[in-house]
Amino acid sequence: MSETDHSSNEESPANNDRDGLSGEYDPEAVEPTWQQRWVDEETYAYQGDLDTQYSIDTPPPTVSGDLHMGHLYGLTLMDFVARFKRMYGDDVYFPFGYDDNGIASERLTERELGINHGDFTRREFQEKCRDVCQDYEAEFTDDVQSLAISIDWENTYKTISPQVQRTSQLSFLDLYDQGREYRQRAPTIWCPDCETAISQVEQEDLTKQTKFNDIDFELVEAGDGETTQETFTISTTRPELLPACVSVFVHPDDDANQHLVGGTARVPLFGQEVPILEDDRVDLETGSGLVMCCTFGDQTDIEWYQAHDLDLRIAIDESGTMTDLADEYEGLSTADARAAIIEDLDEAGYLLESRDHEHTVQVHERCDEEVEYLVTEQWYVEILDKKDEYLDAGREIDWHPEKMFTRYKHWIEGLEWDWCISRQRDSGIPFPVWYCQECDEAITADREALPVDPIEDEPPVDACPDCGHDEFAPDKDVFDTWATSSLTPLVNAGWDWDADVGELRMEQPELYPMNLRPQGHDIISFWLFHTVVKCYEHTGEAPFEDVIIHGMVLDENREAMSKSKGNFIAPSEVIDEYPIDATRYWTASASIGDDFPYRENALEAGERLLQKLWNASRLVDQLTEDVDRSILDEERPESELADIDRWFLARLDETIESLTERFDNYEFAKARDDLRTFFWSTFCDDYLEIAKQRLSGGGDESTEYTLLRAHNTFLKLWAPLLPHVTEELYQRLYDPEESLHRQAWPEPAGYDADLAAGETAMEVIGALRRYKTEEGLPLNERLEAVDIYGHVGGFSDAISDVMHVTRIETFDDEPEVTTEISDIDLDYSLVGPEFGSDVGAIDDAIESGEFEVSGDTLYLADGQFELDDEMFEIEKSRTYSGEGQMIETERAVVIVR
RNA sequence: GGGUUCGUGGUCUAGCCGGUUAUGACGCGGCCCUUACAAGGCCGAGGUCGGCGGUUCGAAACCGCCCGAACCCA
């Protein structure tokens, strides 16, 4: 029978059908079995309990990408929360979204099928996208399930689904009706390869090798009207923009060229006359100090265009092709035009020099194509007017870690553009808008009719309400993906238009605001900010209560993983090598917010912990072989517990309490370390060794109860971090019927014990172990007599049991030894404020022995200083000359005889 | 170039409002097979807390500058 064959566990739990735990834990067999069963049995189903719900706004991953370490990390963190909250008594709503909407999936489809979106109708192409995405989605589901993420698979959504399209279009209409959206012809950042507008945040830097060209411009008229100078030189990396040149700029501090300002110049080859103006945005460092402004070469050009009210000359179209403004170069690509123009400039004698130059260009992050700046008609969400409100909304959220709010704040404060939400792509959610062909009036869809695709569907009116014209043109654009992804809290809550009452409502209002938004710090400006904007505008409140912001996963050398660097580690490689529980154990060590290095040996440490848990469980099981597990149904009164057992249960109470707080504050690393230390040192090394001895001579009900209570509790405390091994043990040893992950989180039972005496006893045990080790004795060597000077309460039996001591005597007073004062420890937090700059002199006095203790007072340096007893502590050194050997610990003195 | 965050033994990390002897784990060295576990137990070595300067009786912690890294933005 295999270990994972659970059919043998069908008899009643009280019967303890335990075939004993086999020698080794076999995660390779155990983990997939449980993953499958949890899904099949819907262990994580949301029950719809309105009073105790806890909702998590999970990030929908782009399905076109493989699962990477960032997913593994982020999902696992969410899962710690979900599993803890579920056991702690909440009804957890843990959904999953697939982001298959937008440019990423569109480009994936084109690549996968070797097609171009332009060759199909929008609906046809979208069909193909769905087909391609479906396989990737299935793969993603498998991957996420293999990480044991406790998602409720009945609550999933796709961002391209009709329902989400409807939500997204409703959002558009609502903002439009509120007057928060506008359509404007304005300079836009444009990707010629994807042929779409993109937002500011979708572009990134790329350093490129290019030529810096010095070109002569003919001076038509100088600003001072006097100069006899005939030409001047400008430097440019983009001579193909000469036909789009609308002015030349001089820096106000540029004395050498000041006389040109106010004049006009003639652009070589193309002949247009342009004004020479002054502006401090000219970069004096590079080139000649004279710079041409074209519509548009970069963002500064746009600023100049707006600030100086310049002409508009469009020389490059949407596909990166030269327009008729470029005369004979019309129809050439920008690259070809650049080459041809340089050649012609050279021939005509305008080109003075062309030299190598490295500079930074803006590219589209998805395809690395250099962006252009075009004037196009786009939809914008107005955000600049409400910065303060979005900041306040951010302040209402509890940030973990708190410091991440700063990034949000700075992002908002630095905003300069409204949010451009239209994209000229096919795979996406269409704008539900038509335009009157006569007066351009925008006609929006009826809410009841959503989702609509204006290319395929008819507008809701027969005639333009403004001018009466009856022909309409569809809006062909689709939404920016963030315009949809920013609605996840509303998608989860089932936000929709209720036609009966004529308002927007939520199907599950109890989920909103979501209790938790988990995400990486790299998308604070995308996902988090946009979600706040959208949801705040729709509902008037922040969309989540807590946010946890995690860092990036780095490689073993603390460098960011990237495909180009080749230091990319795929989760599948890790999973093949290590148990999932071990990877989760590693994940739990991350300090939330900090970047998180991959560590092979952290995974090995996880593996060892699993083995330790398994072995300890096996011992507990053996020691309680004949004990009916139903004794756990009732709590055992203190009076029926031996001191040592009561001590351990009291310590367990403490741990439960602090651990609960750790989990509640998302402090997984601390929870993990605290629990590991308590389990490994206190339970395994200390208590279990004692219990072993106590039970060696036959049953002891108090100890048996304590062992089982503790072990059962440990499984629950470990469950959020190590779901597989704990479930396997729980089902085998306690309850084969019900999942551990639906059990109640442990509560302190309220046991009282002499914790100080327990602590001292453990110190004494440690001292005796050290004694045996140093004497070269086996740990089970019998010791005849041990005297303990110190308070060990009722624990001396435990000490004698575990250390095999025949006779123990305990004393509350000091042993008969010679003591002398070896040092004085000062409490500087008291001495410092009191004595200030004299502290140095006091230290010197102690150092040189110029002190005297009398009663409770310490006199220093011939009575120059007097310290009260709470300000100092006397360190003594003891010499023992009696029979046996003395061992000192912090709280006790032990003599082995 | 600007902003945010981080920088602690070989590696990863704890260390709230400043209190002098800096936590734990991994790795390393030594000893021990004690009837769950040698993937274990015990002991030990190893750090001028990135650098410089400042505030203070006292700084890993507070301030300034510099260096390095991650992310965001130009």
Side-chain angles (χ1 to χ4, degrees), chain A residues 20-21 23-25 200-201 203-205 283 285 298-300 360 362 401 403-411 413-416 520-526 529 549 551-554 556-560 586 589-591 593-623 669-670 672-674 676-677 680-681 684-685 688-689 692-693 696 766-781 802-804 823 825-843 875:
Chain A
L21 302 176
E24 291 251 309
Y25 174 51
Q200 201 181 349
V201 293
Q203 53 174 359
E204 61 185 21
D205 289 354
D283 178 8
E285 304 295 312
D298 59 27
Q299 300 214 29
T300 317
T360 311
Q362 298 295 316
K403 65 190 177 191
M404 287 298 173
F405 174 71
T406 318
R407 296 201 186 189
Y408 177 84
K409 181 164 171 265
H410 281 257
W411 167 254
E413 286 169 350
L415 280 171
E416 283 172 3
H521 63 57
D522 55 333
I523 50 175
I524 289 174
S525 53
F526 294 70
F529 170 68
I549 306 281
M552 304 289 114
V553 182
L554 309 177
E556 294 215 70
N557 301 316
R558 282 200 147 272
E559 284 179 47
W586 160 65
S589 72
S591 172
D594 287 358
D595 287 342
F596 182 38
Y598 177 73
R599 307 247 91 221
E600 192 102 11
N601 56 22
L603 293 162
E604 285 162 10
E607 252 183 321
R608 278 202 293 277
L609 175 70
L610 300 185
Q611 211 57 252
K612 186 79 178 177
L613 186 54
W614 186 265
N615 288 326
S617 301
R618 195 169 57 176
L619 178 61
V620 169
D621 189 40
Q622 285 168 11
L623 293 174
K670 286 174 181 160
R672 181 192 96 138
D673 291 345
D674 288 355
R676 184 199 186 269
T677 303
W680 202 303
S681 320
C684 293
D685 293 344
L688 209 39
E689 289 299 331
K692 204 157 72 176
Q693 299 305 325
S696 64
L768 292 174
R769 276 201 194 116
R770 210 176 315 135
Y771 170 80
K772 288 185 177 181
T773 300
E774 278 161 11
E775 295 295 312
L777 302 169
L779 283 174
N780 59 352
E781 178 83 11
V802 71
M803 294 316 295
H804 305 275
D823 199 7
D825 278 347
L826 297 181
D827 183 344
Y828 286 94
S829 64
L830 297 173
V831 176
E834 176 82 23
F835 292 93
S837 54
D838 288 333
V839 171
I842 292 174
D843 280 334
E875 285 280 292

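Just so you know, these numbers use all the heavy atoms, side chains as well, and skip hydrogens, waters and symmetry mates.
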Scan every strand shown for a Watson-Crick or G-U wobble partner of [N], both distances under 3.5 Å, and answer none if you come up empty.
N	answer
C33(B)	none
C62(B)	G54(B)
U48(B)	none
G68(B)	C6(B)

If I take atom [atom1] in residue [X] and atom [atom2] in nucleotide [N], what distance separates them, rounded to the nearest angstrom?
X	N	atom1	atom2	answer
I523(A)	C73(B)	CD1	C1'	16 Å
N601(A)	C12(B)	CG	P	10 Å
K403(A)	A70(B)	NZ	P	16 Å

Could you label the plane-to-plane angle of the W586(A) and F596(A) rings as parallel, tilted or perpendicular, counting under 30° as parallel and over 60° as perpendicular?
parallel
Nearest-neighbour nucleotide for the [X] side chain, [options] considered:
X	options	value
D825(A)	A36(B), U21(B), G41(B)	U21(B)
S837(A)	G41(B), A39(B), C57(B)	C57(B)
R608(A)	C37(B), A39(B), C6(B)	A39(B)
L619(A)	A70(B), C6(B), A36(B)	A36(B)
R769(A)	A70(B), A36(B), C42(B)	C42(B)
V839(A)	A39(B), A14(B), C57(B)	C57(B)
S591(A)	A14(B), A39(B), C71(B)	A14(B)
R599(A)	C37(B), C73(B), C12(B)	C12(B)

Whichever of Q693(A) and T677(A) has the more 5' nearest nucleotide on RNA chain B, that residue is T677(A)
Given RNA chain B, 5'-ward residue of the pair N780(A) and T406(A), judged by closest heavy atom
T406(A)
Check every strand shown and say whether [X] touches a base, only sugar-phosphate, or nothing at a heavy-atom separation below 4.0 Å.
X	value
E689(A)	base
K772(A)	nothing
R407(A)	base
D595(A)	sugar-phosphate
A616(A)	base

[atom1] spacing across the pair [N] / [M], given as an integer number of angstrom:
N	M	atom1	answer
G3(B)	G46(B)	P	42 Å
G68(B)	U8(B)	C1'	15 Å
G29(B)	A45(B)	P	16 Å
U23(B)	G15(B)	C1'	7 Å
G47(B)	A38(B)	C1'	30 Å
U11(B)	G18(B)	C1'	29 Å
C73(B)	U13(B)	C1'	31 Å
G64(B)	U4(B)	P	11 Å

Answer whether the closest heavy-atom distance between the side chains of [X] and [Y] falls below 4.5 Å.
X	Y	result
N615(A)	K612(A)	no
I524(A)	W411(A)	no
K692(A)	V802(A)	no

Within this structure, what is the CG-CD distance for the pair N780(A) and Q693(A), rounded to the nearest 0.5 Å?
8.5 Å
Carboxylate-amine/guanidinium contact K403(A) D594(A), below 4.0 Å:
yes
